[in-house]
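Below is one structure; the comments refer to it alone.
Scope of the values below: all heavy atoms of this structure, side chains included, with no hydrogens, waters or symmetry mates. We count residues from 1, following the sequence as given.
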Amino acid sequence: MRFAQKLQAGILVRRYKRFLADVRLASGETITIHCPNSGSMLGCSDPGSPVCFSESSNPKRKYAHTLEMVQVAGSWVGVNTARTNALVREAIEAGRVREFAGVGRIDAEVRTSENSRLDFLLHRGGEKIYLEVKNCSLAEGGVALFPDAVTARGTKHLEELLRLRRQGHGAAVFFCVQRGDAESFRPASQIDPLYGRTLAEAAAGGVQVLAYRAEVSPAGIEVAVPLPVFVG
């Protein structure tokens, strides 16, 4: 994915109220921008961090600018979770996700039960593969970690994938690691022990657990590199 416009740069002053961030421009002016990330952004929301943001031409928006990435220890980290599904879909359609080679039609936002939706349903011949996508922006010591806060919703998604797998369908969870300094992936069980246990249970039950690193830069983002996954 290439950005349609050149991103603007600034310095993060603070991130607050989950969906807002104050950014200081080179001119010295401070503006408030939209932060499209409901997570804690642990490790990538420190004041003083370089950031890049986009600008919308939609006059109805209260905040015209959107936070896209934060620089952490020299690496750009993609934090706009509204882009994650499109990035993963693009990678699948381009054949960069080897586990999904041969997939044809892709359905989005698929209802799987009365109270559950999953991000994608992939069709490969007569096979159906249910897929849930998670954006991963936290890393420590070269290890990508998810989640960055307790996520009951994320645990529910894993339980739904395991239920579908037990019914004979394909099922997978895909961690889109939007930072270049990660070399492997594991669940952040120290943050959410239940999520870690449920991920291990899902993997043992046949749910594919995939992690791919995205190359993130102000020019664009591309999901390209598979990472080793450790769920034990």
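- Counting only heavy atoms from C-beta outward, the side chains of Glu140 and Val143 never approach each other to under 4.5 Å.
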**Request:** Please assess Thr84 against Gln178 for the test side chain to side chain contact (heavy atoms under 4.5 Å, CB included), listing each intermediate value before the final yes or no.
**Result:** CA-CA 9 Å; Thr84 310; Gln178 284 205 60; 3.7 Å; yes
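- A distance of 12.5 Å separates SG of Cys52 from NE2 of His65, quoted to the nearest 0.5 Å.
- Between Val207 and Leu158, every side-chain heavy-atom pair lies at or beyond the 4.5 Å cut-off.
- For the pair Arg24 (side chain) and Ile11 (backbone), a donor-acceptor distance under 3.5 Å is absent.
- At distances below 3.5 Å, not a single donor-acceptor pair connects side-chain atoms of Arg61 with backbone N or O atoms of His34.
- Rounded to the nearest 0.5 Å, atoms CG (Leu118) and OG1 (Thr112) are 4.5 Å apart.
- Two residues are said to be in side-chain contact when any heavy atoms from C-beta on lie closer than 4.5 Å; Leu121 and Tyr130 meet this criterion.
- Within the 4.5 Å cutoff, the side chain of Val23 has no heavy atoms near those of the Gln8 side chain.
- The aromatic rings of Phe146 and Phe175 sit tilted relative to each other, their planes meeting at an angle between 30° and 60°.
- Residues Ser189 and Gly196 come closest through the heavy atom pair OG-CA, 3.4 Å.
- Between Tyr63 and Leu20 the shortest heavy-atom distance is CE1-CD2, 3.5 Å.
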**Item:** Test side chain to side chain contact (heavy atoms under 4.5 Å, CB included) applied to Glu68 and Arg83, step by step
**Value:** CA-CA 9 Å; Glu68 297 287 351; Arg83 295 190 183 276; 2.7 Å; yes
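- If you take NE2 on His123 and CG on Asp107, they are separated by 3.5 Å, rounding to the nearest 0.5 Å.
- Nearest heavy atom pair, residue Leu12 against residue Ala21, reads CD1-CB, 4.0 Å.
- A distance of 7.5 Å separates CZ in Phe3 from OG in Ser217, rounded to the nearest 0.5 Å.
- Arg18 contributes a side-chain N or O that, together with a main-chain N or O of Ser38, makes up a donor-acceptor pair within less than 3.5 Å.
- Around CZ of Arg111, the count of heavy atoms belonging to other residues, nucleotides or ligands within 6.0 Å exceeds 12.
- To the nearest 0.5 angstrom, Phe174 atom CZ is 7.5 Å from Leu131 atom CG.
- Between the side chain of Thr151 and the backbone N or O of Pro147 there is no donor-acceptor pair closer than 3.5 Å.
- Of all the heavy atoms in Ala139 and Asp181, the pair that sits closest is CB-OD1, 4.3 Å.
- Taken from CG in Asp22 to CZ in Arg15, the straight-line distance is 12.5 Å, to the nearest 0.5 Å.
- Without hydrogens or angle criteria, Arg165 side chain to His169 main chain gives a donor-acceptor distance under 3.5 Å.
- Asn85 is listed as a side-chain neighbour of Phe120, based on a closest heavy-atom distance under 4.5 Å.
- Looking at Gln5, its side chain does come within 3.5 Å of a backbone N or O of Glu55 through a donor-acceptor pair.
- In this structure a side-chain-to-backbone donor-acceptor pair under 3.5 Å is missing from Glu132 to Val173.
- Using a 4.5 Å heavy-atom cutoff, the side chains of Val229 and Phe185 are in contact.
- Contact of the Val133 side chain with the Arg89 side chain is not registered, since no non-hydrogen atoms from C-beta on lie closer than 4.5 Å.
- Nearest heavy atom pair, residue Ser116 against residue Lys156, reads OG-CE, 3.4 Å.
- Judged purely by distance below 3.5 Å, without hydrogens or angles, the side chains of Gln208 and Glu99 never pair a donor atom with an acceptor atom.
- Side-chain atoms of Thr81 come within 3.5 Å of backbone atoms of Pro36 as a donor-acceptor pair (strictly under, hydrogens ignored).
- If you chain together hydrophobic residues whose side chains sit under 4.5 Å apart, Leu25 and Ile33 fall into the same group.
- Between the side chain of Ser40 and the backbone N or O of Asp148, at least one donor-acceptor pair lies under 3.5 Å.
- What you find for Ile129 and Ala171 is that their closest heavy atoms are CG2-N, 4.1 Å.
- With sequence neighbours excluded, the residues satisfying salt bridge (Lys or Arg N to Asp or Glu O under 4.0 Å) with Arg163 are Glu160.
- Side chains of Leu42 and Ile191 form a contact here, defined as non-hydrogen atoms less than 4.5 Å apart.
- Under the 3.5 Å distance criterion, the side-chain polar atoms of Arg213 are left unmatched by any main-chain donor or acceptor of Glu183.
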